[in-house]
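Taking it in order: structure first as structure tokens, then the write-up.
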Amino acid sequence: MIKNQFKHVAIIMDGNGRWAKSHHHRRTFGHKRGVEVVREIAIRANDLGIQVLTLYAFSTENWKRPLEEVNYLMKLPFYFFEKYLAELMEKNIRIQMIGEMDGIPEDTARVFKKAIEKTSVNTGMILCFAMNYGAQAEIVRGVNRAIVDAKAGKIDHVDTTTFQNYLYTKDYPPLDCMIRTSGEMRISNFLLYQLAYAELLFVDVPWPEFTPDVFEAALQQLSHRDRRFGGIKNG
Ligand code: IPE
Ligand code: IPE
Ligand code: MG
């Protein structure tokens with residue numbers, strides 16, 4: 001196992017549909033396989049000592065997909081937690097969620113809340129699902145919350161540091177790196193504020209084929225980057 005230096009890692013889990021199609025299956029087959037990959041990657045990330053693993057599971061734009069696919073995606077948390085909650089408890093992993101919980105079907109929200117509550121006693125890695133998440137919506141929500149606090153006289157302004165308290169990720173360490181699978185080189189409305197100084201890696205492997213060893217190799221590759229944060233080397 002590699003020596004990991006990252007505290008907060010985010011992944012855009014992309015390519016389920018194309019992977020399934022290329023194997024002559026329906027897109028949903030890829031999503032099902034994708035859930036197994038979530039388990040494998042979460043366990044390896046926890047073993048590597050990552051503190052927060054944020055996985056993009058459903059975007060605010062994914063509602064545009066056919067209803068059948070949306071419904072299937074909303075059912076996957078049931079399957080995931082039914083199958084793996086006991087193991088996550090054993091591994092001391094905490095489940096959390098970012099995104100608009102109010103916008104997802106009530107029973108899906110309930111299964112998430114139960115998993116979040118049950119695992120809240122754990123002290124290991126936070127496995128954070130970005131669910132009904134959009135970065136632009138997150139920023140606008142943050143602005144509105146800051147306005148409420150300003151009107152209540154609690155603050156008179158925000159700066160780039162204090163504004164982070166209005167984001168979903170306020171309790172997490174700064175985002176170190178972001179990996180996107182399946183070869184697309186875009187952000188698709190994920191963590192726009194948090195990505196400011198994250199290292200980005202785009203890998204061609206589709207999510208259903210993203211193994212723990214591929215994950216480690218990706219982290220290894222990222223660990224060689226020279227992170228200067230606007231400064232200069234040896235400065
Ligand atoms: C990622 O795979 C899963 C979600 C976005 C929910 P996709 O479903 O986007 O698969 P592709 O990118 O169409 O292959
Ligand atoms: C981003 O993938 C969202 C998730 C992985 C949940 P998409 O497949 O929805 O993104 P686009 O449409 O290729 O930008
Ligand atoms: Mg996609």
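One-based numbering, in listed order, for ligands and for the atoms of each. It should be emphasised that the depicted structure is a prediction, and the values quoted were computed from it without experimental measurement.
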Give me the pairs of N or O atoms, one from ligand 2 and one from the protein, that sit under 3.5 Å apart.
residue: ligand 2; atom: 8 (O); partner: D14; partner atom: OD1; Å: 3.2
residue: ligand 2; atom: 8 (O); partner: R65; partner atom: NH2; Å: 3.2
residue: ligand 2; atom: 9 (O); partner: N62; partner atom: ND2; Å: 2.9
residue: ligand 2; atom: 9 (O); partner: R65; partner atom: NH2; Å: 3.3
residue: ligand 2; atom: 10 (O); partner: R180; partner atom: NH2; Å: 3.3
residue: ligand 2; atom: 10 (O); partner: S188; partner atom: OG; Å: 3.4
residue: ligand 2; atom: 13 (O); partner: R180; partner atom: NH2; Å: 3.4
residue: ligand 2; atom: 13 (O); partner: R186; partner atom: NE; Å: 3.4
residue: ligand 2; atom: 13 (O); partner: R186; partner atom: NH2; Å: 2.8
residue: ligand 2; atom: 14 (O); partner: R186; partner atom: NE; Å: 2.9
residue: ligand 2; atom: 14 (O); partner: S188; partner atom: OG; Å: 2.6

Next on the checklist: For a side-chain contact (heavy atoms from CB on, under 4.5 Å) check, start with the C-alpha distance between M178 and Q194, then their side-chain angles and the critical distance, and finish with the verdict.
Outcome noted: CA-CA 10 Å; M178 193 284 292; Q194 297 85 343; over 6 Å; no

Checklist entry - Taking only residues two or more places apart in sequence, or in another chain, which ones meet R18 in a side-chain contact (heavy atoms from CB on, under 4.5 Å)? => result D14, S182, E184

Checklist entry - Counting each atom of ligand 1 from 1 as listed, which ones have a heavy atom of H31 under 4.0 Å away? => result 3 (C), 8 (O)

Next on the checklist: If hydrophobic clusters are built from ILVMFWY residues whose side chains come within less than 4.5 Å, do V143 and L191 share one?
Outcome noted: yes

Item to check | Heavy-atom closest pair, residues I179 and A218 | outcome: CD1-CB, 4.0 Å

Next on the checklist: A side-chain contact here means heavy atoms from C-beta on lying under 4.5 Å apart; do T108 and F78 qualify?
Outcome noted: yes

Checklist entry - Counting no waters, what protein N/O/S atoms lie under 2.8 Å from the Mg ion (ligand 3)? => result D14 OD1

Next on the checklist: If the test is salt bridge (charged side-chain N to carboxylate O under 4.0 Å, His left out), which one of E69, E61, E68 qualifies with R65?
Outcome noted: E69

Item to check | Within 6.0 angstrom of R145 CZ, more than 12 heavy atoms from elsewhere | outcome: no

Item to check | Passing candidate, salt bridge (charged side-chain N to carboxylate O under 4.0 Å, His left out) with D176, options K7, R227, R225 | outcome: R227

Checklist entry - Applying ring-ring contact (aromatic ring centres under 6.0 Å, His included), which residue pairs with at least one partner in residues 97-125 are found, sequence neighbours left out? => result F81-F112, F112-F129

Checklist entry - Does K21 come within less than 4.0 angstrom of ligand 1, counting non-hydrogen atoms of the residue? => result no

Checklist entry - For Q136, does the CD atom have more than 12 heavy-atom neighbours from other residues, nucleotides or ligands under 6.0 Å away? => result no

